[in-house]
Amino acid sequence: MENMKDVKALMEQINQLKDHTDQTKEYLAAIQLLAVDDNNGRIKDRVLASNIDSLNNKISNVNTEIDVLVNRITNNQ
């Protein structure tokens with residue numbers, strides 16, 4: 001992109017997206033803590049834990065793609 005104003009606006013939006021995905025991972029970590037039995041640290045629901053792990057992986061993939069996007073934008077400057 002040649003227009004620096006557009007690049008700046010784009011990077012602001014990307015940074016907000018990254019913040020939201022980071023916040024989502026924090027929420028998932030809290031959910032994982034709630035899914036563990038307080039008495040012996042075992043997972044209460046294995047299917048739920050598997051779903052949370054899958055979602056965590058997908059969010060990590062989104063973060064990786066965001067990084068690729070940022071690199072593409074910053075390297076084209």
Side-chain angles (χ1 to χ4, degrees):
M1 296 183 81
E2 295 178 19
N3 186 336
M4 288 305 292
K5 183 178 176 183
D6 290 342
V7 170
K8 183 179 176 185
L10 184 62
M11 291 303 296
E12 287 175 8
Q13 291 297 313
I14 290 170
N15 287 333
Q16 286 183 14
L17 179 61
K18 187 119 176 151
D19 289 343
H20 286 290
T21 58
D22 290 342
Q23 190 175 33
T24 299
K25 288 192 77 127
E26 290 175 13
Y27 292 140
L28 285 173
I31 291 169
Q32 282 178 316
L33 289 174
L34 292 171
V36 173
D37 187 357
D38 292 336
N39 294 330
N40 52 18
R42 289 188 304 176
I43 296 172
K44 293 178 184 176
D45 185 331
R46 296 237 179 253
V47 174
L48 177 63
S50 176
N51 292 128
I52 292 169
D53 287 342
S54 175
L55 190 52
N56 256 327
N57 289 335
K58 290 175 183 176
I59 293 170
S60 292
N61 290 340
V62 168
N63 282 338
T64 300
E65 292 299 321
I66 291 170
D67 291 339
V68 168
L69 182 61
V70 168
N71 286 336
R72 172 173 265 169
I73 291 168
T74 57
N75 288 333
N76 285 334
Q77 295 306 309

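Numbering starts at 1 and runs along the sequence shown.
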Legend entry - Sequence neighbours excluded, every pair satisfying salt bridge (Lys or Arg N to Asp or Glu O under 4.0 Å) that has a member inside residues 18-31: Lys18-Asp67
Inset, instruction - Would you list the pairs meeting salt bridge (Lys or Arg N to Asp or Glu O under 4.0 Å) in which at least one residue belongs to residues 48-63, sequence neighbours left out? - result: none
Inset, instruction - Hey, could you give me the CG/CE distance between Leu69 and Met11, rounded to the nearest 0.5 Å? - result: 8.0 Å
Legend entry - Sidechain-backbone polar pair: Thr64 side chain, Ser60 backbone, donor-acceptor under 3.5 Å: yes
Legend entry - same_hphob_cluster(Leu17, Val70) at 4.5 Å side-chain heavy-atom cutoff: yes
Inset, instruction - To the nearest 0.5 angstrom, please state how far the CG atom of Asn61 sits from the CG atom of Asn56. - result: 11.0 Å
Inset, instruction - With the side chain counted from C-beta on, respond yes when Gln13 and Gln16 share a heavy-atom pair under 4.5 Å apart, and no when they do not. - result: yes
Inset, instruction - Mind checking the NE2-CG spacing from His20 to Asn15? Nearest 0.5 Å is all I need. - result: 11.0 Å
Inset, instruction - Treating Ile, Leu, Val, Met, Phe, Trp and Tyr as nodes and any side-chain heavy-atom pair under 4.5 angstrom as an edge, say whether Ile31 and Val62 lie in one connected cluster. - result: no
Inset, instruction - Could you tell me which non-hydrogen atom of Val47 sits nearest to which non-hydrogen atom of Asp45, and how far apart they are? - result: N-OD1, 3.0 Å
Legend entry - Exercise: identify the closest heavy-atom pair between Thr24 and Ile59: CG2-CD1, 3.2 Å
Legend entry - Hydrophobic cluster membership, Ile14 vs Val7, 4.5 Å side-chain cutoff: yes
